[in-house]
Amino acid sequence: MAFAVHRPESMEAVIAALDGTASVAVSGGTLAIRAINEGKSFPLAIVSLRRAGLAGIAQDDGMIEIGAATPIAELVRPDLAFLDGVIASFGAPAVRNMATLGGNLFAPQPYGDFGVALLALDASLAIAGPSGKRRLPLSKFYETGLASNEIVTGIRFAPPAPGTWRWLKATRRALNSAAVIAVAAIIETDRSGTISAVRIALGGVDSHPVRSPVAEAGLLGQVLDSASATKAGEAAATFHPCFTDTYASAWYRRRVLPVFMRRALLGTPLETMP
Amino acid sequence: MARILEDVFTAERAGSFQAIGRALPRIDAHSHVTGATRYYADRIFPNLLHAVMARSEHHHALIRHVDLSAAQAVKGVARILTHKDVPNNWYTILKLIGLGPDEEPVLAEDRVLYRGEPIVAILADTEAAAREAAAKVKVEYEELPAVLDVETAILPGTPAIKPHGSNVFVYEGRDHFHVHCGDTEAAFREADHIFEHSYQSSPIEHAPVETTGAIAVPEPGGRYTLHSNTQAAFFTLDNAALILGLPFRQLRVVGGTVGGGFGGKVDVIVEPIAVLGAMLTGRPVKYSFSRGEEMQVSSPRAAERIRIKDGVAADGRIIARDVRILVDAGAYSRHSPYGTIKAAAHMPGPYTVPNVTINAWCVYTNRTPSSAMRGFGVTIGDFALEVQMDRIARELGRDPFELRLQNAYRDGDLKAHRKTVEGAALVEVIQAAAERIGHPLSPECRAMSSCQRT
Amino acid sequence: MAKLRGRGIAAVNYPTGMNLGGDPSQALIHATTTGNFVVTLSSVDLGQGLRTIMTQITAEVLGIAPEAVMIDTADTDTGPHCMGTFASRTTHRVGNAIIMAATEARKVLLDVAGEELEVAPEDLETDGTGRIVVKGVPGKSISVQDAALAAHFKHGRTISGRGIYLKPRSYPDFETGAMDPDSCQAHACTIAEVEVDTETGDVRVLKLISAYEIGRAINPMMVEQQIVGGSWMGMSHALYETTEPYYPNRAHGPVDFLGYLMPGPADIPEYDAVILERPSTNGPFGAKGIGEMTANSPIPAIANAIFDACGARIDDLPITPEKVLRALDAAALAAQP
Amino acid sequence: MKSSYVSFTLNGEEKELLIEPGRRLVDVLREQCGATGTKNGCGQGSCGACTVHIDGVAMLSCLLPAELVDGSEIVTIEGVVRNRVLHVLQEAFLAQAATQCGFCTAGMIMAAKALLDCDPSPSRQAVIEALSGNVCRCTGYEPIIAAVLAAAATLAKRPAAAAAA
């Protein structure tokens, strides 16, 4: 079935054009248009966010605000350099040119790497809908979703302090591969090396990206080392359900979560033995 | 570029050539890099209809009722094909050389034997409309227990999923294909070591970047041209005509330029539906697999389960090899009965073993029918054989190159299926590979030759 | 816990042709007025390079330049029968059919040239570039073009040829399994070098070294293409590919190129290969089929290399990180006092 | 639902086409513009065979309703040849024997060209990353990587050609 393509030029016009499942918002199209191509979704119209003024990156008050329709490729810039690892592990160049930061929040696991990264950054979302605008912590978004005809318009977070950011995505193949496990973390230590603040988010362990309260609790007040990081990973492996998909079984994800937690937090490469 | 070793088989290689042996550039490469190469789907026809299948959601079920009303109501749907529209609703690929039986319907009738089995074909003005209509076909099923494991399938007492009453292909009255030479049991008793291990694979997809497809175009005079990416033009013509009850002369297959095959485009699955659609609508019809269909309902290389039992003498000679092969054909035969014979013919590998027993079953299960794929019947057998050889070498403390050289077949040896070996070269490729990595071989092994046993 | 390296070997043979239903292919060749040659087939090029190989075989037999050969395939209205492209048969079957057809066409070509030059055709030879020369008589020659023109407009001859290759059907003896299932055997030995991450079970293939015996390398560049592409596919089968990741459970089957895992450009090993030629008695110029077999030997070589590296013996394809890790865990458990 | 007119520049040529609503760019290019070099390999964004350049950026034409490229400059494989002269990438694909079945080739070249257009002397790793969304089932990737690196080497020797490319 053919579908109409609306290209509204403002956020308000986008909201006005949305109509439940009949007329759906499409940002980069890497999820929504694929679903239409595959005969899994049959909207009468799509409402493109491309021209609605929802792309762009701004800084104010030490916070970064990224428009929801900003393509992933446009996140490659010096003030967001900490995200380079996330970007490099995400899809492939043409997909990064199309997929958007806001759209990625709707990707089903094990996709949706930016959801994992943004959870660790404690991001909040700007949301607009028929009843006005509101802000919602990303963690809440994953629990409640959006109301009918609402869209995410922006993502806001504080950039991590130097040296505190961690990202590791374990994959079956080196590039362009979904997460077996994704670990994003912000970890601050005091002068004695004791962890004074920590946020850890995980992908590959639940139906959506999640924070790991058990891993965070296990690390807070500890010295960051191989033992504490592994222990935090073991706690997380017990706490989160993990799941089985094409890429890995739930058993495997639980089994290697402590390894990847340690590698993510410590960043230590392995020795190669002859 | 890979070097040709000119000092091996020098006398046999002799000859002077002008065109042979030249690294002539591919004559299609220029059109590949400019995008000018024309594959079947690059022929554009106005008024084209797109065919999309509504497929079984269950591994094994009876079809109680098919409701097409919602599908028919989708704008752009021109026609829906059911099994009643197919003149001879049997897909039996080797029928013209007398191999049967008729067992796979082109479109499902009263039952489905695998998830993804085609039930009805939607013909619509756009692919999107056809997909939407296919999603709106309502099928009422009565689910039946599915048999998904080959070992279970051949156990006595397991319900037969096939109309002929068993879950194996029958080779001239036998439930499996058998090869033997010598006396394996006696040799096992004489052997100093017994090695018995099992190997397993799972189905593998061809995954060509161009999915399987065809366009059927009505021509003046009641003929139909099939623009197809088939790997076998006449195979396709003959089988499509048989299914459609068309005189062979009314079909013409045009193709020959294919975006990767690997065996996946040997089965004649899309063409009969495309031609039938063209016959019933008078319009060109395209039927090509979606990527998801290519991955899950186009026939893969069969999963195989292979058990090898070897009797080995103290000096490393393999004196007996008993191989049991279970080929998971999935729901229908296609090329699997042949692939099973090919698997049996390949054993005991490129080694001369005096006492061999091979038993190979072509087993039906409720999964996507498997069929031809690059090396089917051999690739997984080689995995089993060569891991087994590694095990033997390690257990006996033997160099893995030398154990293979010792057992390698030579010209004049008799294979298990009683064909005399000629043109052997296993010894030489092992010697060459060893040299390539600087792996030392004993003087005896360096002196070995495929031309005679020393 | 570390990354461990290992090396494994595998040696295989591979049959050329399928022979359980009779296995024929045909070719028709004719010269155009200007001395180009059209080879009409119904054979299919899947990307393996049939057109190039058949061009070389035609040029060799006719003694003309490859540029003067046109391969016309595949149209069942005009092309004679071919069983199809499978079973590593095309070079062998179609190549043999072309040799037969081109031999017939060459005879007419030399007959006509002999009449034009007023010498016996036995005294003629082709120079491979478009001239027919009288042996031992420098300067006495005729171009293929002129010979073709003369055949068309003066002698009324068709410079053409028909060829077929048929390996007759073999009926297996169902009592003993005796049969003649193929035409010849190609051979390969592959050595794989791998690195195993013992904490995660991840395997990286570092290098694949192979020796292939293929009868005759009609085009060594295209042989190399098969070796490199096939080695990659073998690695892919060994470590990644399956439509049913939890076989025989049907759940979680992939439907796209993300889920249907294959190594990408970042996962490829170093390749190294040498070619041996032991011409077969029945292949065109001794050639054997190589199309399918190049994916085979890398699989067990990699499996054996994984064992060599870390002691995990995986008998179940594909060798996923999970299977390696389960094997390492089981070994660790068994090693505990 | 009505068709609408969409205008864009295709390989330097202005096009104004009546488009059925929601029609994918890959279908419009192939069926309405005769630009069949762009291939449809999956419709999912998972194979890269449909890669084209939209305003100089590599995108997947199977995921783009044509209405969304209204006003854009589109380059497909047919536009990579300039004045009947092959692009250095195309020459390099020939020289390195980087094609077999050829079905992925157009997408590979468009992906590689997007890289060379902004980074004319990439590292091997950068080439690998640029090709990581394009599936090839025949070649094993090595000849393709070699071809892109060879093209870059040629560009380095021919600064004028680089500017023209």
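Since the model is a prediction, treat every value here as computed from it, not as a measurement. Protein chains get the first letters and strands the later ones, always in sequence-line order, with residue 1 at the start of each.
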Q: Measure distances from P66(C) to the heavy atoms of chain B and classify the residue's part below 4.5 Å as side chain, backbone, both or neither.
A: side chain
Q: I'd like to know if D315(C) pairs up with R391(B) as an ion pair, taking the criterion as any Lys NZ or Arg NE/NH1/NH2 lying under 4.0 Å from an Asp or Glu carboxylate oxygen.
A: yes
Q: Which heavy atom of K288(C) sits nearest a heavy atom of E213(C), and at what distance?
A: NZ-OE1, 2.7 Å
Q: What part of I191(C) gets within 4.5 angstrom of chain B, counting heavy atoms only: side chain, backbone, both, or neither?
A: side chain
Q: Is chain B contacted by the side chain of S43(C), its backbone, both, or neither, given a heavy-atom distance below 4.5 Å?
A: backbone
Q: Using a strict threshold of under 4.0 Å (side-chain N to carboxylate O), is an ion pair present between D180(C) and R418(B)?
A: no
Q: Select one option (side chain, backbone, both, neither) describing which atoms of Y212(C) are under 4.5 Å from chain B's heavy atoms.
A: backbone
Q: Is the backbone of G291(C) close enough, under 3.5 Å, to the side chain of R374(B) for a donor and an acceptor to pair up by distance?
A: yes
Q: Can the positive tip of R301(B) be found less than 6.0 Å from the middle of the six-membered ring of F376(B), inside 45° of the ring normal?
A: no
Q: Under 4.5 Å, counting heavy-atom pairs only, tell me which of Q48(C), M262(C), E193(C) racks up the most with chain B.
A: Q48(C)
Q: Step by step, work out the salt bridge (charged side-chain N to carboxylate O under 4.0 Å, His left out) result for K207(C) and D272(C).
A: CA-CA 8 Å; K207(C) 192 166 183 184; D272(C) 179 89; 5.2 Å; no
Q: Does the T230(B) side chain pair with the main chain of T236(B), one donor and one acceptor, at a distance under 3.5 Å?
A: no
Q: Between I209(C) and chain B, with a heavy-atom cut-off of 4.5 Å, which part of the residue counts as in contact: side chain, backbone, both or neither?
A: side chain
Q: Taking salt bridge (charged side-chain N to carboxylate O under 4.0 Å, His left out) as the definition, give me every residue that meets it alongside R89(C), ordered by chain and number, with sequence neighbours left out.
A: D23(C)
Q: Using distance alone, with no hydrogens and no angle criterion, decide if S450(B) and R278(C) have a side-chain donor and acceptor under 3.5 Å apart.
A: no
Q: With a 4.5 angstrom heavy-atom cut-off, could you sort out which part of F285(C) is near chain B: side chain, backbone, both or neither?
A: side chain
Q: Can you tell me which portion of Q225(C) sits under 4.5 Å from chain B's heavy atoms? Options are side chain, backbone, both or neither.
A: side chain
Q: Do the charged groups of D308(C) and R394(B) touch, with an N to O distance under 4.0 Å?
A: yes
Q: Considering only heavy atoms, which portion of L41(C) lies under 4.5 Å from any heavy atom of chain B: side chain, backbone, both, or neither?
A: neither
Q: For A188(C), is it the side chain, the backbone, both, or neither that has a heavy atom closer than 4.5 Å to a heavy atom of chain B?
A: backbone
Q: Checking side-chain polar atoms at under 3.5 Å, does R174(B) have a donor or acceptor matched by the opposite partner on N359(B)?
A: no
Q: Sort by residue number and list every member of residues 69-78 of chain C having a non-hydrogen atom under 4.5 Å from chain B.
A: T73(C), A74(C), D75(C), T76(C), D77(C)
Q: For the interface with chain C, which of A425(B), A432(B), A233(B), A23(B) has the highest count of heavy-atom pairs at distances below 4.5 Å?
A: A425(B)
